[in-house]
Protein chains: 2
Amino acid sequence: MRAEHEAGATTSGALRAHNRVRLLRAVHDCGASLTRSALTRDLGLARGTASVLVGELAESGLLHEEPAAEHGRGRPTQVPGPHPRGPIALAVDVREDAWEVAACELGGRATVVEVRPHDGTPEGALVPLGAALRARLERLAPRVVGTGVALAGPVRPGGLVDIAHLRWTSVDVPGLLALPGPLVVGNDTAFAGLAEARRGGLRGVAVGLHLHVDFDLGGTLIVDGRPLAGATGVGAEFGHMPLTGGDAPCMCGAYGCWGQEVGTNALLRHLGLAHGGGRGRDHAERLLSAATAGDEAAVRAVRSCAGALGRGVSALVNAHDPEAVTLSGFGVDLHRLALPELMERFERGLMAIRRERPPRIVPSALGWRGSLIGAMESVFDAFLTVDAVDQWRRAHA
Amino acid sequence: MRAEHEAGATTSGALRAHNRVRLLRAVHDCGASLTRSALTRDLGLARGTASVLVGELAESGLLHEEPAAEHGRGRPTQVPGPHPRGPIALAVDVREDAWEVAACELGGRATVVEVRPHDGTPEGALVPLGAALRARLERLAPRVVGTGVALAGPVRPGGLVDIAHLRWTSVDVPGLLALPGPLVVGNDTAFAGLAEARRGGLRGVAVGLHLHVDFDLGGTLIVDGRPLAGATGVGAEFGHMPLTGGDAPCMCGAYGCWGQEVGTNALLRHLGLAHGGGRGRDHAERLLSAATAGDEAAVRAVRSCAGALGRGVSALVNAHDPEAVTLSGFGVDLHRLALPELMERFERGLMAIRRERPPRIVPSALGWRGSLIGAMESVFDAFLTVDAVDQWRRAHA
DNA sequence: CGATTATGCTCTAGCCGTGAACATAAGTCT
DNA sequence: AGACTTATGTTCACGGCTAGAGCATAATCG
């Protein structure tokens with residue numbers, strides 16, 4: 001009836017498949033760092049079972065064992081890691097003026113293989129990207145299990161994307177890319193949150209909040225290691241809640257949005273400078289440098305953004321009670337340059353019962369790479385299922 | 001690593017237990033309405049497997065089969081339902097001036113067995129309630145699998161409850177009740193949301209939003225059939241986000257809270273009447289009657305609340321993209337009396353991309369009984385697990 | 001009243017994981 | 001250097017599970 005009832009095996013045949021995926025997932029999640037004996041213990045398997053499973057996975061080209069570097073006392077164990085001809089996820093981060101493609105192995109190692117600037121139009125960005133990806137897919141032939149593409153705007157069902165600051169409306173991303181094979185199109189903020197949940201500051205956290213500051217602000221709630229998707233797939237839009245009391249119309253079509261007060265657009269507006277249209281990242285970076293150096297006007301602008309960030313975070317913490325809050329993008333800089341202002345407004349906006357044990361607010365360890373890593377995780381999430389792994393095994397028998 | 005990896009059986013022995021719980025869960029969720037053959041199909045089991053499972057469950061007093069009312073063409077099938085000596089959940093709804101106890105069978109049938117007024121103090125309310133529950137537990141002896149208690153305030157770990165309008169602070173509910181056996185203490189709004197997800201307007205919805213209007217306003221996000229819990233268990237606090245632009249201090253310790261603008265406290269304040277302190281429910285009901293009859297001042301107050309409700313809902317819809325929004329408590333009345341005002345501010349606050357297919361906003365079908373039903377569901381959620389069911393079977397061998 | 005249809009029951013075949021016994025490969029002690 | 005200790009990998013018999021086929025059962029339909 002509900003998804004959870006479907007989970008788990010029902011037949012003894014499905015049991016094997018289920019454990020295969022569990023093992024593969026564990027290898028991926030730990031970054032291929034755990035030894036076989038540790039995995040056997042963690043997953044609660046008998047040594048014999050683990051033996052059979054690893055054997056099968058190695059034979060079908062999904063895993064490859066190498067001797068562990070450090071030895072203890074007994075018989076040395078092996079470390080299962082990605083197979084040299086194993087599955088690959090292509091991850092793409094599309095920014096306002098360039099895109100970046102990475103090839104990622106099971107375990108999470110990502111290698112950037114291509115970076116190219118573009119003109120900011122849907123066709124100018126996505127058609128060459130599609131060609132580059134198709135070329136790479138052909139070269140890597142049957143190894144690629146999917147492509148994940150991160151974009152800086154809401155993604156509707158069918159991969160339709162709107163990016164207000166680039167004037168993209170209902171851009172048909174899958175259509176323009178024209179790729180064979182599985183494709184995941186996602187919001188960069190949601191992907192960054194996913195990355196944070198799997199390999200960043202929200203690892204192991206039951207309920208976490210991730211906020212990404214760029215031109216404006218986005219965010220998602222992370223529950224049990226994955227961002228909440230929303231009914232139509234359009235999550236990560238915390239920036240479009242009216243949390244700071246304004247009522248100015250926003251580019252999104254609503255008004256009073258929190259995202260208007262936090263981000264480089266807001267920074268530049270504070271100083272009376274031109275903003276919007278996807279320009280101004282360099283300008284904003286200079287401004288942050290000025291603030292770091294102590295320039296008074298810049299510092300005031302940064303403090304204002306940090307305060308608005310803190311106020312909004314308090315509201316979201318009141319509502320959702322997360323265990324931790326991570327900040328990425330320019331959020332890292334706001335945290336670094338104006339922590340007192342951020343925390344003052346954060347604490348003032350908390351309910352009394354939240355003040356006792358407020359969540360920690362931490363800058364992301366993944367920096368600007370979160371979106372790319374999240375795109376990878378999203379592809380592997382689709383692959384690390386009973387159906388997809390079985391399909392690979394049939395093809396690589 | 002994450003919860004989902006733990007789900008499902010890993011050994012063949014656990015397979016049987018897993019399928020037992022799946023079957024029991026399916027019977028409960030459908031309200032004991034499905035026939036055995038329908039269940040067999042829905043769960044994807046073989047007829048032989050279902051035969052064994054139902055037999056075991058009947059023998060251990062968990063299920064009881066009765067002939068199906070309607071016959072088709074072939075051999076008539078049976079309907080598995082609650083066993084006459086089967087598990088019972090006690091559900092309690094504690095209101096500001098009275099509490100109510102219901103005994104609930106597997107399948108969801110709830111029978112109110114006791115209602116008693118109280119004086120509004122923690123001891124005055126909870127000590128007699130504890131005595132009443134202990135008496136009932138003793139009478140029903142080994143059948144009660146747990147007690148669920150709904151309260152109108154945030155619940156912290158350990159069952160500590162704060163109810164601002166009753167001046168309850170850090171009330172130790174489990175301590176005052178002093179019950180043997182499992183106890184679930186929960187927020188009434190979260191419970192109402194759970195009920196809505198299982199047996200109301202959010203049934204089968206992947207992402208839904210439930211809002212409960214009483215003195216003020218609470219709400220939860222429903223994901224995959226369950227309300228988001230929050231890290232410390234304190235969810236359902238959407239009322240304490242600043243979504244309507246105010247900045248007045250709130251009883252919760254924060255300021256500008258949405259809940260100050262929606263609810264009976266807000267209604268009475270609009271008319272310059274005394275409010276707060278848990279008094280005024282009768283007054284508010286008279287006021288709603290007056291608005292229904294067309295009294296102008298009352299209508300204005302209701303419209304203002306409905307507008308503030310709509311504005312907040314738009315913000316939450318922007319952020320979370322739910323498939324449906326349900327309203328319970330006085331939210332039903334606001335929906336009935338001032339739908340245009342509600343919808344106008346709702347639609348104005350939506351992002352453009354949300355306007356295409358906005359979620360439906362529907363009044364709850366469960367009315368004021370949601371909290372009680374949710375408390376029951378919460379108890380059965382704890383029981384319908386491999387461990388708890390196995391324990392019952394060992395005791396009832 | 002026999003044919004049809006859907007369901008329940010029983011039994012065998014095939015698969016899976018456990019756990020014990022054995023094999024292996026190190027470190028460690030004398 | 002050689003024997004002992006320790007931890008891990010491998011193999012295999014065993015018990016348990018579900019699927020599926022075949023048969024029994026009980027209703028409706030013509």
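Letters go in sequence order (proteins before strands), and every chain restarts at 1.
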Please report the distance, rounded to the nearest Å, between [atom1] in [X] and [atom2] in [N].
{"X": "Arg36(B)", "N": "dA26(D)", "atom1": "CZ", "atom2": "C1'", "value": "14 Å"}
{"X": "Leu23(A)", "N": "dG9(D)", "atom1": "CG", "atom2": "P", "value": "12 Å"}
{"X": "Leu53(A)", "N": "dT11(D)", "atom1": "CG", "atom2": "P", "value": "14 Å"}
{"X": "Arg16(A)", "N": "dT18(D)", "atom1": "CZ", "atom2": "C1'", "value": "16 Å"}
{"X": "Leu15(A)", "N": "dG14(C)", "atom1": "CG", "atom2": "P", "value": "19 Å"}

## Note on the structure
Comparing nearest nucleotides in DNA chain C, the 5'-proximal residue of the pair Arg47(A), Arg75(A) is Arg47(A)
### Message
Starting the side chain at C-beta, find the nucleotide from dT18(D), dT4(C), dT6(D) nearest to Arg73(A).
### Response
dT6(D)
### Task
Just call it for Arg20(A): base, sugar-phosphate, or nothing, with non-hydrogen atoms closer than 4.0 Å on any strand.
nothing
### Query
NA contact type, Gly44(A), heavy-atom cut-off 4.0 Å: base, sugar-phosphate, or nothing?
sugar-phosphate
### Distance below 4.0 Å between Asn19(B) side-chain N/O and dT18(D) OP1 or OP2
yes
### Message
Does the plane of the ring in His83(B) sit parallel, tilted or perpendicular to the ring in His64(B)? Use 30° and 60° as the thresholds.
### Response
perpendicular
## Note on the structure
By nearest-heavy-atom nucleotide on DNA chain D, the more 5' of Ser37(A) and Ala17(B) is Ser37(A)
### Query
Taking for each residue the nucleotide of DNA chain D with the nearest heavy atom, is it Ser12(A) or Thr49(A) whose nucleotide lies nearer the 5' end?
Thr49(A)
